[in-house]
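Take a look at the structure below.
First the proteins, then the strands, lettered A, B, ... as listed; each starts at 1.
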Amino acid sequence: MTLLSVRDLRVGFGREGHETEVVHGVDFDVTAGETLAIVGESGSGKSVTAMAINRLIDFGGGRILGGRATFDRKIDLATASEGQMQRLRGREIGMIFQEPMTSLNPVLKVGTQIGEVFRKQHGLSGRAVRDASIRALDRVRIPDAARRLDQAPHQMSGGMLQRVMIAIALAGEPRLLIADEPTTALDVTIQAQIMGLLAELKRDTGTGLIFITHDIGLVAGLADRIMVMRGGEAVENGAADQVLDRPAHDYTRHLLGAVPHFRAGQAARTDGARTGQVPALDVRGLSVRFPVGGGFLRKTRGVVHAVDGVSFDLVPGETLGIVGESGSGKSTTARAILDLVRPSAGRIETGGTAAVQMVFQNPNASLNPRMTVRGLLAEPVIAAGQNVDADVLERMRTLLGRVDLPDDLDRFPHEFSGGQRQRLCIARALMLNPKVLVLDEAVSALDVSVQAKVLDLLVDLQREFGLAYLFVSHDMAVVERIAHRIAVLYAGRIVEVGAARDVLSSPRHPYTQKLISAIPSIDRRRIDYTLDTEEVPSLLRPVGFVPPDQTWQEVGPDHRVAKEPLS
Amino acid sequence: MSYVLRRLLMFPVVMLGVSVFVFVAIRLVPGDAITAMLGTESGLLTPAQRESLTAYFGLDQNWAVQYWRWLTGLLQGDLGLSVTYGQPVSRIIIDRFPLTLELALLSMVIALMIGLPAGVFAATRVERPSDLIVRVFAMIGQSTPNFVLALLAIYILSVVFGILPTMGRFVPLTEDPLGNLAQMILPAIALGTAFAAAVTRISRAAMLDILGEDYVRTARSKGFSQRYVIWRHALPNALIPVITLSGVEFGYLLGGAVIVEQIFALPGLGRVVLDAILQRDYALVQGVVLFIAFNFLLVNLLVDLAYAALDPRIRYGAS
């Protein structure tokens with residue numbers, strides 16, 4: 001039965017009568033029990049389309065300009081009144097958002113935020129509300145549900161909050177569920193939990209699901225139909241297998257081809273052998289600990305062991321990928337190497353302060369909007385106490401050409417696209433001729449097709465300048481394309497390290513195996529996401545805690561695994 | 001718990017600092033208390049008389065001894081003797097403070113009752129004519145000096161319409177509640193208008209920010225009405241800046257409102273402070289300023305507790 005039928009839907013933003021149209025007439029249907037994936041990059045109009053269906057777009061300055069969206073063969077959502085929409089929202093059409101951390105009200109208890117749905121949609125009150133809320137949390141596998149109801153959102157992890165969001169969306173028992181990038185802000189193992197939950201929902205209830213994502217690989221296992229959007233238009237819309245295996249449109253082929261997909265080590269780099277070179281970076285026994293204060297005299301209550309005894313080296317021309325999830329200590333490691341946090345133990349050897357430079361995740365936030373390209377590129381030079389002379393200007397021009405940016409030193413960051421800005425950041429990092437670049441999630445904020453270009457650029461630059469990269473990322477598909485070697489970080493320690501191909505194709509540590517099995521891919525379309533709700537262990541230790549020594553097992557020529565069990 | 005305890009422990013430390021500051025500051029003002037008290041008649045005093053008066057008020061000792069005496073007195077509840085009034089400072093405060101407190105409370109009630117709904121209303125109709133009207137009124141309210149408002153209010157309500165009494169002997173609340181309220185409402189409006197305007201502007205700004213938050217969108221996705229979303233989900237988040245502002249304003253009002261008290265002939269704390277400073281009445285200035293500082297800290301403590309009650313992230317301490 002067709003649940004939702006959208007025809008020629010057009011959506012715009014701006015003052016009435018002067019709207020800028022951003023969705024130019026899309027058509028699609030959602031049947032009960034079916035999952036439609038809407039795939040596209042930022043600006044494709046996929047989220048706007050979703051928000052137009054439950055008309056939340058009205059509150060974001062947008063408006064439906066034309067077309068129909070017939071729900072349940074009765075109501076046209078495009079022309080329904082706000083009062084009608086309020087009866088449908090939550091009850092018939094539920095929604096899950098991208099950022100679980102900000103999508104729940106910080107000042108209300110989790111139980112209040114679930115309970116109000118049962119009150120409104122099912123007329124429950126008193127004890128019945130609490131019981132229903134506990135059942136709702138049980139359903140999304142939140143342990144200790146009764147206690148969690150009395151907690152505030154900030155006391156829960158991101159993955160748990162997204163499960164709470166799902167519980168809230170399901171509380172009204174909607175027939176249509178819209179999920180707008182529900183896993184983008186989450187770690188890959190948590191993403192697998194959420195996907196598992198949605199798959200279960202699809203199996204057990206007849207709910208129709210619209211799943212919005214930028215990652216075509218992610219929906220391969222879940223979607224029945226896939227609609228690909230670009231520039232506010234649907235370029236392709238068809239059965240999932242057909243779109244994935246026999247894409248009709250060039251853009252779909254581009255998304256499937258140019259975008260990094262995880263290939264279990266087959267796409268790992270084979271250039272650059274580790275010969276007897278002197279390391280450009282040598283880290284031995286690095287530990288970073290943060291004391292946690294408590295009580296009113298600020299006595300140290302415990303110590304967070306963010307990084308614990310991490311050792312690795314990096315030779316010129318080589319990339320070491322550091323992978324791990326939130327809280328694994330990967331960014332802290334990177335920051336310690338740049339002397340941005342003080343290590344509590346260990347040794348870091350580099351060839352001088354200018355020898356290591358960093359590229360950050362978000363190019364928008366790491367370029368001062370009031371400075372021109374000239375000023376931005378001059379900063380590291382000034383910071384190193386050198387003069388900005390003709391040679392420096394010459395180097396600016398050379399580097400701009402090298403990262404494929406126009407030779408114009410008077411532009412401001414806002415005149416560039418996201419990918420161009422990140423290339424500008426790379427040029428800035430190269431100004432002092434460093435030996436090592438630390439790239440902390442350097443392509444994570446970029447659109448998928450831009451990622452591939454920046455990765456190619458990084459590989460070219462590495463060959464040309466003999467740079468060593470420390471590439472920190474949560475995205476295994478990206479790491480696979482740039483890393484020669486990979487170190488897997490878990491709870492502040494390296495648990496597995498070795499040649500990228502070996503680690504990715506035959507992971508030996510249970511955590512690495514779990515991490516890799518959680519990666520969505522087009523090739524592994526039929527896998528069932530198992531519902532595992534394990535949380536990352538706490539790194540908070542008592543004062544004076546001495547971590548046990550790690551013992552290592554050699555499992556290949558360049559492949560070592562920590563032997564301690566995954567606790 | 002530790003959040004509240006930490007703030008409570010800060011209390012005596014800050015009070016001690018204020019006491020030293022007040023003690024020194026008033027003594028740095030040129031002129032002496034005896035001369036100021038007696039005015040031109042002080043010229044008639046013989047050196048012996050002047051000396052005995054100075055000794056009587058304890059002003060013959062050095063600063064350290066004077067401070068120590070004052071401090072030990074304070075701890076026993078003795079704020080000293082006012083040179084000008086010839087009464088214990090504590091007596092004067094007890095007489096005057098209830099009126100100041102009542103005036104401050106009334107002003108705040110007026111400010112919140114007008115300002116909060118007006119701000120929320122404007123935020124939900126942003127850039128529309130009704131928003132503009134609220135903003136213009138808020139601007140006028142905030143930029144009109146309260147004595148102008150006071151005179152205007154007297155003229156319109158008492159002189160033109162004759163609804164409220166103009167002057168006359170002050171009636172305490174305990175004697176005749178209605179008569180007292182009739183007397184207090186005009187000064188409360190005079191003080192509360194600028195306060196209300198400030199509350200309007202800050203609650204509008206806070207509300208506008210909150211309405212763009214993801215969790216407001218979530219609340220809408222649950223099917224709740226605009227009204228419910230605003231009062232249940234948005235307002236509790238928008239209240240923190242409003243409480244901050246109200247706390248500061250209320251604290252100021254507890255120090256007395258000199259001009260408004262003068263215009264309406266009200267025997268509040270403001271006039272006492274002014275007189276005390278003009279008269280170099282060390283004990284009175286010290287006592288009243290310390291009392292005002294104490295009130296200010298108390299209000300701040302209440303504000304902090306209100307934050308904790310409103311926002312669980314403050315209560316448990318966000319990581």
Side-chain angles (χ1 to χ4, degrees), chain A residues 15 51 54-61 82-83 85-110 112-114 116-117 119-121 150-155 165 168-169 171-172 174 178 180 290 292-298 304 540, chain B residues 1-11 13 123-128 206 208-243 304 306-319:
Chain A
R15 213 149 42 83
M51 300 271 223
N54 61 5
R55 294 268 300 280
L56 285 182
I57 200 85
D58 297 14
F59 299 96
E82 173 60 18
M85 289 313 300
Q86 282 174 13
R87 281 191 288 281
L88 292 174
R89 286 190 206 118
R91 186 75 187 91
E92 298 282 1
I93 306 171
M95 185 146 186
I96 307 167
F97 301 93
Q98 176 171 349
E99 286 283 351
M101 296 291 201
T102 57
S103 293
L104 286 162
N105 198 327
V107 308
L108 299 178
K109 285 176 190 166
V110 166
T112 309
Q113 300 188 54
I114 302 175
E116 64 181 3
V117 182
R119 285 177 206 277
K120 177 178 161 56
Q121 308 294 8
D150 294 320
Q151 285 192 333
H154 78 275
Q155 294 171 286
M165 266 310 298
I168 288 174
I178 303 170
D180 187 5
F290 302 106
V292 175
F296 62 87
L297 288 175
R298 298 256 175 221
V304 173
L540 181 65
Chain B
M1 192 56 218
S2 68
Y3 172 81
V4 178
L5 250 165
R6 264 207 300 279
R7 266 146 195 79
L8 279 174
L9 281 177
M10 286 296 289
F11 222 109
V13 178
T124 55
R125 283 163 185 76
V126 67
E127 300 302 329
R128 286 198 245 160
L208 266 182
D209 279 347
I210 303 290
L211 285 176
E213 292 286 344
D214 287 350
Y215 53 81
V216 168
R217 187 180 58 184
T218 304
R220 295 196 199 285
S221 79
K222 293 172 176 177
F224 288 115
S225 63
Q226 168 84 347
R227 216 173 128 142
Y228 183 93
V229 169
I230 284 178
W231 293 102
R232 183 78 180 120
H233 283 270
L235 191 65
N237 284 284
L239 274 183
I240 286 197
V242 176
I243 287 175
D304 285 344
Y307 290 165
L310 268 177
D311 194 335
R313 284 170 298 186
I314 296 174
R315 196 151 59 230
Y316 304 113
S319 53

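Options A/L108, A/V107, A/N54, A/T112 differ in how many heavy-atom pairs under 4.5 Å they form with chain B, and the most are formed by A/V107.
Interface residue A/M165: only side-chain heavy atoms are found under 4.5 Å from chain B. At a 4.5 Å heavy-atom cutoff, the contact between A/L56 and chain B is made by side-chain atoms alone. For a residue to count as touching a neighbouring chain, one of its non-hydrogen atoms must lie under 4.5 Å from one of that chain's; by this rule A/I168 touches chain B with the side chain only.
Nearest heavy-atom pair across A/P106 and B/N237 is CG-OD1, 3.5 Å. Here the closest heavy-atom approach between residue A/V117 and residue A/G172 is recorded as CG1-N, 3.8 Å.
You'll find the side chain of A/E116 reaches within 4.5 Å of the side chain of B/H233, heavy atoms only. B/L211 has its side chain within reach of B/I230: a pair of non-hydrogen atoms, C-beta onward, lies under 4.5 Å apart.
Here B/F11 pairs with B/F294 under the ring-ring contact (aromatic ring centres under 6.0 Å, His included) rule; sequence neighbours left out. Every residue meeting the side-chain hydrogen bond (donor to acceptor under 3.5 Å, both in side chains) condition with A/Q86, not counting sequence neighbours, appears here in chain and number order: A/E82. Here A/E92 pairs with A/R175 under the salt bridge (charged side-chain N to carboxylate O under 4.0 Å, His left out) rule; sequence neighbours left out.
Chain A is approached within less than 4.5 Å, heavy atom to heavy atom, by B/R217, B/T218, B/R220, B/S221, B/K222, B/G223, B/F224, B/S225, B/Q226 from residues 216-226 of chain B, ordered by number.
Counted by atom type alone, A/Q113 and B/Y215 present zero donor-acceptor pairs between their side chains at under 3.5 Å.
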